[in-house]
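As structure tokens, the structure follows; a few thoughts come after it.
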2 protein chains.
Amino acid sequence: MDPSAAPSHLFDEAIALDPLPDGRWRGRTHPAWANMVGPFGGVIAAVALNAARLSPGRLGEPVALTVNYAGPLAEGDFIVSTRAVRTNRSTQHWVIEIAQEGEGGGVAVSASAAFAARRATWSAAEATMPDVPPAAQLERASTRGRPRWTRNYDMRIARGGLSADFARSGEPLTAEGAADAVSWLWLRDDPPRPLDFPALAALADSFFPRVFLRRPQWTPIGTVTLTTYFHADAAALAAQGDRALLGVARAGRFFDGYFDQSAELWGDGGALLASSHQLVYYRA
Amino acid sequence: MDPSAAPSHLFDEAIALDPLPDGRWRGRTHPAWANMVGPFGGVIAAVALNAARLSPGRLGEPVALTVNYAGPLAEGDFIVSTRAVRTNRSTQHWVIEIAQEGEGGGVAVSASAAFAARRATWSAAEATMPDVPPAAQLERASTRGRPRWTRNYDMRIARGGLSADFARSGEPLTAEGAADAVSWLWLRDDPPRPLDFPALAALADSFFPRVFLRRPQWTPIGTVTLTTYFHADAAALAAQGDRALLGVARAGRFFDGYFDQSAELWGDGGALLASSHQLVYYRA
């Protein structure tokens, strides 16, 4: 790295990919994005999207991304392969895999992405943004005792934060569960960074697991699969800049080890920039 | 086929797969499931899920399915390939592709599925089922002028049906758009068929495109990608039997050629059996 260059953002460091002669990409896990086990899933999603974005022949901008967390990603290097499955007039489908070599290696992530060349059409809002106090009127949520990656986000919770009595693993439940698993919060990268598609893909996975709201005790959880739809173009993301987004998260059903979690990410101008869904494993 | 056997259901005929010596599967499009172009996407999703279900070494039951509609599927035979990307202690990830040979062929569908061996845990409902009159009190929705596959479902709409003035392509809009794109309806296979995972995967795609509610004029549309999460086990689906499910469908944002559509499928006992999300292309 050129030491005279401006210091890069931790997020850009984490999603950086080096091209390999065979068309694949080499990346590496970043200590600042560590989760309980392996890297924060949002950064893994951003790496998968970034690999497709960088691939030759890529058409337009992302409209959909699905990331399947098939196995653990160990600290160290990984290899990303991309393949354009089909290119149509205005859409293009990619499949992406992230794998590691050595003992315990193999495919850790299988993903797919749809890109599209949008053109202006009749458009309309349907979901509505909740009415929430400005970020400046809310306190920044504590990340004490939480995984390293959470310190890379500034989160200000208007509804549905974790109880102060939130119990660690093994401790008895000391708080009652919340009446519902809905959260409203302002969130942005910290330090601030202008919004783009990889950052939005990562933010979509930044909401804490809904099971912790309804059953306030730490328990092992893991995202099985994550799907994000992008409802904005690059110009709209650039216009949002580095200001906080409003995030909404909820759940559908907790059943025998798996629950679904949905999120919306709203620009501060009131436009829905992305909606995201995931299925999460939990032990209870 | 043995002519003395009981007549099979059209759905089972449509998702039937013959094993090939190399481990792949051969299927074929079914005229009773024809859409505007190619087969109904719900049946394609069911074929992808069925191929993974039938594959040797498959673990447990499906918990998630993503189907990317990459290109057109022509009338005739297709080949389905499945690969177990990773098998963990309680989960297993599959990737699936559906391809055709010949001119215009290639990969038409890329898909992924997660299977899991569930065990009993703390569980809880979070989303709530809308209060809707019983199916018997509602009229069956007309399928006049609609694609062939719609006749394979009995749908009774309690909220958010298509306007009687719904305009065909090229005709001017004769009706105002609905205030929102929310539908509530009872739906089941016709003729009735006991519920299982492939049938549920198909039902998740049976809701008409939300753009037709807000902008009541026929326009070309196509699902780009569909993700369904299963919140029930085989026993719960068997208990539902062939009775109607309650479906809920809504949208998030219509923007420059693409919108997101979400659906819930409720058992008549009030349990959420599946939630489903898709990104849809529209021309307007």
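These figures come from a predicted structure and were not determined experimentally. Chain letters run A, B, ... following the sequence lines, proteins first, then strands; residues in each count from 1.
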Please check if atom CZ in B:Arg283 has more than 12 non-hydrogen atoms from other residues, nucleotides or ligands closer than 6.0 Å. no
So which part of [X] gets closer than 4.5 Å to some heavy atom of chain B, the side chain, the backbone, both or neither?
X        : value
A:Asn88  : side chain
A:Ala125 : backbone
A:Thr128 : neither
A:Ser110 : side chain
A:Thr227 : both
A:Val95  : side chain
A:Phe230 : neither

Whether B:Arg83 and A:Glu97 form a salt bridge (side-chain N of Lys/Arg under 4.0 Å from carboxylate O of Asp/Glu) is what I want to check.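 The answer is yes: the pair qualifies as a salt bridge.
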Hey, are A:Arg214 and B:Glu126 close enough for a salt bridge, meaning a charged N less than 4.0 Å from a carboxylate O?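 Judged by the 4.0 Å cut-off on N to carboxylate O distance, A:Arg214 and B:Glu126 do form a salt bridge.
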Output the option from [options] having the highest count of non-hydrogen pairs under 4.5 Å with chain A.
options                                : answer
B:Gly252, B:Ser112, B:Ala284           : B:Gly252
B:Arg210, B:Arg119, B:Arg250           : B:Arg119
B:Ala120, B:Ala64, B:Ala114, B:Ser262  : B:Ala120
B:Ala251, B:Ser275, B:Ala124, B:Gly257 : B:Ala124
B:Gln92, B:Glu264, B:Arg215            : B:Arg215

Using a cut-off of under 4.5 Å on heavy-atom pairs, state which of A:Asp233, A:Val182, A:Thr87 scores highest against chain B.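 So the answer, after comparing A:Asp233, A:Val182, A:Thr87, is A:Asp233.
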Would you give the length of the straight line joining atom [atom1] of [X] to atom [atom2] of [Y], rounded to the nearest 0.5 angstrom?
X        : Y        : atom1 : atom2 : result
B:Leu273 : A:Phe255 : CG    : CZ    : 9.5 Å
A:Thr66  : B:Leu226 : OG1   : CG    : 9.5 Å
B:Asp260 : A:Ser276 : CG    : OG    : 11.0 Å
A:His231 : B:Tyr258 : NE2   : OH    : 13.5 Å
A:Leu65  : B:Thr225 : CG    : OG1   : 9.5 Å
A:Phe259 : B:Trp122 : CZ    : CH2   : 8.5 Å

Can any side-chain N or O of B:Tyr281 pair as donor or acceptor with the backbone N or O of A:Ser90 at less than 3.5 Å? no
Find out whether B:His93 and A:Val224 are in side-chain contact, i.e. whether some heavy atom of one side chain is under 4.5 Å from a heavy atom of the other. yes
Decide whether A:Tyr282 and B:Thr121 meet the rule of one side-chain donor and one side-chain acceptor closer than 3.5 Å.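 There is such a pair between these side chains.
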Going through the checks in order, is the side chain to side chain contact (heavy atoms under 4.5 Å, CB included) test met by B:Asn68 and A:Arg86? CA-CA 11 Å; B:Asn68 301 297; A:Arg86 192 117 180 182; over 6 Å; no
Go through the steps for A:Arg253 and B:Ser123 under the test side chain to side chain contact (heavy atoms under 4.5 Å, CB included), then give the verdict. CA-CA 8 Å; A:Arg253 185 181 182 189; B:Ser123 295; over 6 Å; no
